[in-house]
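Please read the structure below before turning to the comments.
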2 protein chains.
Amino acid sequence: MAYIYDIYEENCPTRQVLDRLADKWALLILDRVKHGPMRFNHLKRDIRGISQKALSQTLKKLERDGLVSRTVHPTIPVTVEYALTPLGATLKETVAAIAHWAERHMEAVLDAQKAYDGAGGER
Amino acid sequence: MAYIYDIYEENCPTRQVLDRLADKWALLILDRVKHGPMRFNHLKRDIRGISQKALSQTLKKLERDGLVSRTVHPTIPVTVEYALTPLGATLKETVAAIAHWAERHMEAVLDAQKAYDGAGGER
DNA sequence: GAAATCAGGTTTCAAAATTATACCAAGGAG
DNA sequence: CTCCTTGGTATAATTTTGAAACCTGATTTC
């Protein structure tokens, strides 16, 4: 079990995983989909500012990594639903923790930015 | 307390924070620095594959956001130490959880990729 | 005294990724 | 016939990234 994966090593496979997770759109998608399946255009509408291409590409990568499943329903017009896989579900808390942290510490970050910009800008 | 921050909203300030955190280099730096202060070149050597520019820029952003502190020691030659701020320290577990997840579920992701590539490539 | 070394960066420029925009297919509504 | 829906892809413009060179300032080596 104790494989010698080292995320600091350049060619460690965990770097690929980190790359997938260290992505704004991937995190937002994973978080958005955690309560149940969602259609492509629904995600696009909910995640404000994402481009169709970014959504399409990110979903494809998440699907390839086994985090999200893609189901085509032969309705008219076809609808495609994306959902967390069991593997993806194990990430729920982690992803939520990041979004949560952002919301909880927003003020502190904003204050730090103000202090930094104020001190540095006067030089 | 219950501010109406919504990370799905395009111009919500939490998006900025997510942007900072959803970055491979930022996460690796935060995780690398969690046990104590580190010098610039030490980080550069430890985090394999990071360019000097990426390290410098990422550190500057983390400093601006109040997550990392920068201390110049007037030694010869000067050394600069980067450390977690108290605010940055509140992120330790979250960041570690991501790295941890990557290491723990690496095999599953690799398997999913193989399955995906195998099924899709034959068409 | 010229050259090389260390630390911690910045600058430069080309390559890669991201974004906005347009387009496509298949069917239904008006 | 024209427009709207779904779920994309193709193309072009913009932005970000990465590799490599350069810079400052002080010290040691030849």
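Proteins get letters first, then strands, A, B, ... in listed order; numbering begins at 1 in each. No hydrogens, no waters, no symmetry mates; every other heavy atom, side chains included, goes into these values.
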A/Leu91 side chain near A/Leu21 side chain, heavy-atom distance below 4.5 Å: yes

message: Taking side-chain contact (heavy atoms from CB on, under 4.5 Å) as the criterion, tell me which of A/Leu62, A/Val17, A/Ile29 meets it with A/Leu67.
response: A/Leu62

- prompt: What do the steps show when you test B/Leu43 against B/Arg32 for side-chain contact (heavy atoms from CB on, under 4.5 Å), and what is the final call?
  reply: CA-CA 8 Å; B/Leu43 284 168; B/Arg32 195 73 197 99; 3.8 Å; yes

Quick one: [X] [atom1] to [N] [atom2], roughly how many Å, whole number?
{"X": "B/Gln57", "N": "C/dT12", "atom1": "CD", "atom2": "P", "answer": "14 Å"}
{"X": "A/Leu55", "N": "D/dT9", "atom1": "CG", "atom2": "P", "answer": "11 Å"}
{"X": "A/Phe40", "N": "D/dT9", "atom1": "CZ", "atom2": "P", "answer": "8 Å"}
{"X": "A/Ile50", "N": "C/dT21", "atom1": "CD1", "atom2": "P", "answer": "16 Å"}
{"X": "B/His73", "N": "C/dG9", "atom1": "NE2", "atom2": "P", "answer": "12 Å"}
{"X": "B/Arg70", "N": "C/dA7", "atom1": "CZ", "atom2": "P", "answer": "16 Å"}
{"X": "B/Gln52", "N": "D/dC23", "atom1": "CD", "atom2": "P", "answer": "15 Å"}
{"X": "B/Leu43", "N": "C/dG8", "atom1": "CG", "atom2": "C1'", "answer": "12 Å"}

May I ask you to verify if any side-chain N or O of [X] is less than 4.0 angstrom from the OP1 or OP2 atom of [N]?
{"X": "B/Tyr82", "N": "C/dG9", "result": "yes"}
{"X": "B/Trp25", "N": "D/dG18", "result": "yes"}
{"X": "A/Lys44", "N": "D/dT5", "result": "no"}
{"X": "B/Ser56", "N": "C/dT10", "result": "yes"}

- request: Classify the side-chain pair A/Asp31/B/Tyr8 by whether it contains a donor and acceptor separated by less than 3.5 Å.
  value: yes

task: Record whether the side chain of B/Lys53 comes under 3.5 Å of the base of D/dT16 through a donor-acceptor pair of N or O atoms.
output: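 No, the side chain and the base share no sub-3.5 Å donor-acceptor pair.
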
statement: Ranking A/Glu10 and A/Asn41 by the position along DNA chain D of their nearest nucleotide, the one closer to 5' is A/Asn41

message: Looking at B/Arg39 and B/Glu81, would you say the former's side chain and the latter's main chain have a donor-acceptor pair under 3.5 Å?
response: no

message: For B/Ala26 versus B/Arg20, what's the shortest heavy-atom pair and its separation?
response: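 Taking B/Ala26 first and B/Arg20 second, the nearest heavy atoms are CB-O, 3.3 Å.
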
message: For a quick test of reading the model, state the closest non-hydrogen atom pair linking A/Ala22 to B/Lys24 and the distance between them.
response: CB-N, 3.3 Å

- request: Would you mind classifying the nucleic acid contact of A/Lys60 as base, sugar-phosphate or nothing, using non-hydrogen atoms under 4.0 angstrom?
  value: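 It contacts sugar-phosphate atoms only.
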
- line: Scoring nucleotides 25-30 of chain C by protein non-hydrogen atoms under 4.0 Å (B base, S sugar-phosphate only, - none) yields --SS--

